[in-house]
Amino acid sequence: MKPRQRKQYFRNMKRSDDSEREKRRKRRRLIQELGEQRIPYLSPADPGFQELWDSSYAGLALRQSSALPDGLHERVQSALITLQRRGCLLRDLVRVRDRDVFTAVSRALVGQPGYTYRYLDTRLFTIPWHCEGEEGQKDEKEKPCCDSDLRDACKALWELNQFFCSDVKQQTNARGVKRSRSDTENSEDTPGEGMCEESVKDRLLEEKQEKEKKEEEEEDSGQGCSHSSPPSSTPPPDVAGLVQFNITIINYMDPSAMTQLKEEPYYGMGKMAVGWHHDEDLVPLSPVAVYSYSCPAEPKKEEVTEKDVEGQSKEKVKEKETETEGEGEGTSKEELKEEREGLEKEEVQKEKACWRVGLKVAWDIHTPGLALPLQSGDCYYMTADLNRTHQHCVLAGETARFSSTHRVVQCCTGTLDYIKKRCSEALENLHTDPEKNTKSLKSLLPSALQRIEDIHSEVEFEWLRQYWFQGRRYARFCSWWTKPMEQMEKDWKEMERMTQLLLDVVEDENTAQENRREMADVLLNALTDRQQHRQTWRDRYLLS
Ligand SMILES: O=C(O)CCC(=O)C(=O)O
Ligand SMILES: [Fe+2]
């Protein structure tokens, strides 16, 4: 970071502290205003549900389980169970509003070898999936990186991915995604998964205020649009007519094992497994495809099928009817009203037994929310700019449930190939004298030194520490990352060496005075930044 950038960085940090405080104050005030009020939301049984979907949630598509080949369901479901049985699904420690929290759902990232996915300050490393006809990914010693059980599981997820790649495209073409009225609105990422307590409660009203403020600012500056364009190296989401999903995050949660699920606070939709969020780190406008598999958690629950659950609640309704009839003497208006309310409650209960995805328009407290129930095997797609203009959450049902969420992750700075290239670039500046076996820096140009120190920090904080923190927990099942990370650690040690060499130059009285000052600047900035970041990571380790 250049000194000017550094100042800006700290100024921004201070500003974001101030705005956090300001937001908290606003939040408290708004919570009071909102009181017990709830914003309406619609479910399939409500009149106007389809119209609302068409008008305000047009980028959402449901694919019922029957759209997938039977064999694929079986393979995918058994793959998900394998991942869970093998202990691959773990709760992530993510950062939300300067705090480290565990996600309620357990997760694993499966996808293109060497890819990572970054969300809420946490980088996940892929368990590689295996393509048709391939023997299985080999690690550097040419041994398969996972055992055959896991390989088959990942292969099934790759197959599902292939299905989604072509099906999403067809669905989008067939339907011709209508532009929702929110298309012209701006959105900003709000804290996502793992979002907790007071944070969700007030966000909606706050969003409205922020949006108004933003619009004013934009009018002032004459800008129409505030979201940034994709980096130029980002491939388009759809190459040659195909959507290229490159990773999937597997989610798992058994609600009976969770004691503290948060209530959805704006609409009263029920308990949330994943709080309101936009998906992060995706190629702009790329779709997301989700496979939902609800399964009985405990062996003893295995006999209770969804049909049984439905049957049971019908039984109860019947019992009620019988009781009322049994009273014989005719029913008063009040009694009828109570009766109806009782039945409505039953309906709501029944609806909440099912897992659902909840959607809302970002920056909007007028459009009703949407709650879409998902039967086991159902899939849904979020297409066009739904993920940008809307937020989604996952509402827990009664059974345990897996989901496989396929995405087109930005790969410009998140792949092993990318970071390896960066390391080589930095190490090119290190010269080894073969005779004396001493090392020295080739270029002492401040811009070159700056670039190297930036790479040094990137390797340490975006890769090594992220890997030590959460990534290497997968090494037990899959050796794919082990060697590359060892190599990266060696490269990092060389970079530490280079920083030491730079210090030697700066301390050397024979170095020209003018250059010394500039070099010292670069060095001091890098060291101060790293010291701060290292402290943040120490705190994270202590909490984990
Ligand atoms: O499980 C789902 O249906 C979606 C989960 C989700 O939103 C996510 O993982 O980002
Ligand atoms: Fe999501």
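We count ligands from 1, going down the list as the structure has it; atoms in each ligand are counted the same way.
Cation-pi geometry between Lys360 and Trp276 is met: under 6.0 angstrom from the ring centre, within 45 degrees of the axis. A cation-pi arrangement is absent between Arg401 and Tyr293, since the terminal nitrogen or guanidinium carbon is not both under 6.0 Å from the aromatic centre and inside a 45° cone about the axis. Under the 6.0 Å distance and 45° angle rule, Arg465 does not count as a cation-pi partner of Trp468.
The nearest N/O/S atom of Asp279 to the Fe ion (ligand 2) is OD1.
Tyr380 counts as a contact of ligand 1, since one of its heavy atoms falls under 4.0 Å from the ligand. Distances shorter than 4.0 angstrom occur between a heavy atom of Asn251 and an atom of ligand 1. Ligand 1 lies within reach of Val394, whose nearest heavy atom is under 4.0 Å from it.
The Fe ion (ligand 2) lies under 2.8 Å from an N, O or S atom belonging to His277.
Among Arg407, Gln391, His392, the residue whose heavy atom lies nearest to atom 8 (C) of ligand 1 is Arg407.
Residue Asp279 touches ligand 1 through its side chain alone, judged by heavy-atom distances below 4.0 Å. The side chain of Arg401, and not its backbone, has at least one atom closer than 4.0 Å to an atom of ligand 1 (non-hydrogen atoms only; side chain from C-beta on).
In this structure, Arg85 pairs ionically with Asp149, as a charged nitrogen and a carboxylate oxygen lie closer than 4.0 Å. Of the charged side-chain nitrogens involved, none lies within less than 4.0 Å of a carboxylate oxygen, so that Asp539 and Arg95 do not count as a salt-bridged pair.
Residue Val290 has at least one heavy-atom neighbour below 4.0 Å for each of these atoms of ligand 1: 2 (C), 3 (O). Taking a cut-off of under 4.0 Å to the non-hydrogen atoms of Arg107, the atoms of ligand 1 that pass are 8 (C), 9 (O).
The local environment of CD in Gln50 is crowded, with over 12 non-hydrogen atoms from other residues, nucleotides or ligands closer than 6.0 Å.
The aromatic rings of Phe245 and Phe164 sit perpendicular to each other, their planes meeting at more than 60°, with 30° as the lower class boundary.
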